[in-house]
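Every chain is numbered from 1, with letters handed out A, B, ... down the list of sequences. Source: prediction; values computed, not measured.
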There are 2 protein chains.
Amino acid sequence: MALIEKNGEIREASCKEELTAMRESVEILGGKWKLHIMRYLANRPCEKNSFKKMQREIDGISAKMLSKELKDLEVNLLVTRTLLETKPVTVEYQITEYGRGVLPLTETLVSWGLKHRSKIRED
Amino acid sequence: MALIEKNGEIREASCKEELTAMRESVEILGGKWKLHIMRYLANRPCEKNSFKKMQREIDGISAKMLSKELKDLEVNLLVTRTLLETKPVTVEYQITEYGRGVLPLTETLVSWGLKHRSKIRED
DNA sequence: CTGGATCCCTTGTGATACTG
DNA sequence: CAGTATCACAAGGGATCCAG
């Protein structure tokens, strides 16, 4: 059972609240790239993850999508954006400590996907 | 670390294989309704989950989407479809034992969503 | 009752060219 | 280098009607 904190009190979330929470999670983390980006940054916590480098290394992502997704993730406090006053300017992205909270989710998805593939193949 | 079974041998999945697995999971379970439906059926394992009843009880879903989503879920062995020769015919859906394997995922999403909401509100 | 067919609108995503 | 603007297209999803 999931717990919810509202107006200072902690209680059990209702079924409807759980559904809403799930939908919000999917909205925030769903789509083709968000979790991919999170994993990418999680695997490179100490490197200089410049925009250009990310675009080169994340399989087929376009600048437009990378820009948009990073902005969304930043709004949700999952990544940080650091502008460096080099010439020309560079920008570095890093996953936040809070952002690491999505890693259990990506792990669940990875292992489910692997199991599912063998399940589907076996019949 | 996630394990993968391929050609009879078991080994650790490569980073790329993990990404592919994650993407497949999102493709199969993503979208607006799939996980919602799975939770609905998981909470009603013994009831007669007719198409009509589901459409009435799952918030704003249209017949088209419910039909399509259930078909997708059935192909992936996550739900079963039983045609009853009543007059007129009725159809019952149930979550499979295998399908219950997605419940840890929905729980993760629920609790992440609840935590995230309070996180975002607090600043 | 189930759910397919059709039409239509919105959103997501990609390609390319361009600016500070 | 880091993005934005624009165009174009595919996919997601809703409404309605209809057939078995």
Side-chain angles (χ1 to χ4, degrees), chain A residues 19-20 22-38 40-41 44 47-76 78-95, chain B residues 19-20 22-38 40-41 44 47-76 78-94 109:
Chain A
L19 278 173
T20 303
M22 188 171 75
R23 175 163 354 200
E24 285 176 355
S25 298
V26 172
E27 275 169 13
I28 293 170
L29 302 172
K32 191 171 176 181
W33 299 111
K34 296 250 168 60
L35 291 177
H36 191 139
I37 293 172
M38 290 302 285
Y40 177 92
L41 291 176
R44 295 160 186 80
E47 299 177 42
K48 309 299 179 194
N49 302 300
S50 74
F51 187 91
K52 193 67 175 181
K53 178 164 169 287
M54 291 181 71
Q55 197 192 339
R56 243 182 301 121
E57 297 184 358
I58 297 182
D59 192 17
I61 197 167
S62 67
K64 181 175 104 178
M65 288 310 295
L66 183 54
S67 169
K68 175 182 159 302
E69 303 291 67
L70 283 170
K71 205 176 295 178
D72 291 347
L73 293 173
E74 195 192 355
V75 166
N76 283 296
L78 300 170
V79 307
T80 57
R81 178 182 188 278
T82 310
L83 189 127
L84 302 179
E85 294 296 350
T86 51
K87 187 162 66 76
V89 297
T90 54
V91 183
E92 286 179 16
Y93 293 91
Q94 284 191 306
I95 191 170
Chain B
L19 278 173
T20 304
M22 188 172 75
R23 176 163 353 201
E24 286 176 354
S25 298
V26 172
E27 275 170 13
I28 293 170
L29 302 173
K32 192 171 176 182
W33 299 111
K34 296 250 168 58
L35 291 178
H36 191 138
I37 292 172
M38 291 301 285
Y40 177 93
L41 291 176
R44 295 162 185 77
E47 298 177 41
K48 309 300 180 193
N49 303 300
S50 75
F51 186 89
K52 193 65 174 181
K53 176 161 170 289
M54 291 180 71
Q55 198 193 340
R56 244 181 300 123
E57 297 184 358
I58 296 181
D59 192 17
I61 196 166
S62 68
K64 179 176 109 178
M65 288 311 294
L66 183 54
S67 169
K68 175 181 158 303
E69 302 292 68
L70 283 169
K71 202 177 297 179
D72 292 346
L73 293 173
E74 194 192 355
V75 166
N76 282 297
L78 300 170
V79 307
T80 57
R81 178 183 188 276
T82 311
L83 189 127
L84 302 180
E85 295 296 350
T86 50
K87 186 162 66 76
V89 297
T90 55
V91 184
E92 285 179 16
Y93 294 91
Q94 284 191 306
L109 284 166

Between the protein and nucleotides 4-11 of chain D, which nitrogen or oxygen pairs are less than 3.5 angstrom apart?
| residue | atom | partner | partner atom | Å |
| --- | --- | --- | --- | --- |
| D:dT4 | OP1 | A:Lys71 | NZ | 3.1 |
| D:dT4 | OP2 | A:Ser67 | OG | 2.8 |

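- In the set C:dT2, D:dG13, D:dA2, the nucleotide with an atom closest to the side chain of B:Met65 is D:dG13.
- In this structure, A:Asn49 places its CG atom 15 Å from P of D:dC1, rounding to the nearest Å.
- Per the geometry, CD belonging to B:Glu69 stands 17 Å off C1' belonging to C:dT2, to the nearest Å.
- Using a 4.5 Å heavy-atom cutoff, the side chains of A:Leu73 and A:Tyr93 are not in contact.
- Taking the side chain as every heavy atom from C-beta outward, A:His36 and B:Arg23 approach each other to under 4.5 Å.
- As judged by a 4.0 angstrom heavy-atom cut-off over every strand, B:Thr86 is placed among residues making no nucleic acid contact.
- Scanning residues 26-33 of chain A for heavy-atom distances under 4.0 Å to DNA chain C yields A:Gly31, A:Lys32, A:Trp33.
- The distance between atom CD of B:Gln55 and atom C1' of D:dT16, rounded to the nearest whole Å, is 13 Å.
- A:Leu70 has its CG atom 8 Å from the P atom of D:dG3, to the nearest Å.
- At least one side-chain nitrogen or oxygen of A:Tyr93 sits closer than 4.0 Å to the OP1 or OP2 atom of D:dG3.
- With a 4.5 Å cut-off on side-chain heavy atoms, B:Met54 and B:Leu70 count as touching.
- As rounded to whole Å, 16 Å separates atom C1' of D:dC1 from atom CD of A:Glu57.
- Nucleotide D:dA2 holds its P atom 11 Å from the CE atom of A:Met54, rounded to whole Å.
- Of the candidate nucleotides C:dT2, D:dG3, D:dC1, D:dC1 has the atom lying nearest to any side-chain atom of A:Lys52.
- When side chains are defined from C-beta on, A:Ile61 counts as touching A:Ile37, because their heavy atoms get closer than 4.5 Å.
- If you measure from atom CD of B:Glu85 to atom P of C:dC1, you get 17 Å, rounded to the nearest angstrom.
- A 4.5 Å side-chain heavy-atom check between B:Lys52 and B:Thr90 finds every atom pair outside the cut-off.
- Taking B:Asn76 as the reference, A:His116, A:Ile120, B:Ile28, B:Leu78 meet the side-chain contact (heavy atoms from CB on, under 4.5 Å) condition, with sequence neighbours excluded.
- The shortest side-chain heavy-atom distance between A:Val26 and B:Lys32 does not fall under the 4.5 Å cut-off.
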Candidate pair B:Gln94 and B:Glu47, rule side-chain contact (heavy atoms from CB on, under 4.5 Å), full reasoning: CA-CA 8 Å; B:Gln94 284 191 306; B:Glu47 298 177 41; over 6 Å; no
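- Counting non-hydrogen atoms under 4.0 angstrom, A:Thr90 reaches the backbone sugars and phosphates but no base.
- Listed pair A:Arg81 / D:dG3 meets the phosphate criterion, a side-chain N or O lying under 4.0 Å from OP1 or OP2.
- Residues B:Asn49 and B:Tyr40 have side chains in contact (heavy-atom distance under 4.5 Å, counting atoms from C-beta outward).
- Rounded to a whole Å, the NZ atom of A:Lys87 is 14 Å from the C1' atom of C:dG20.
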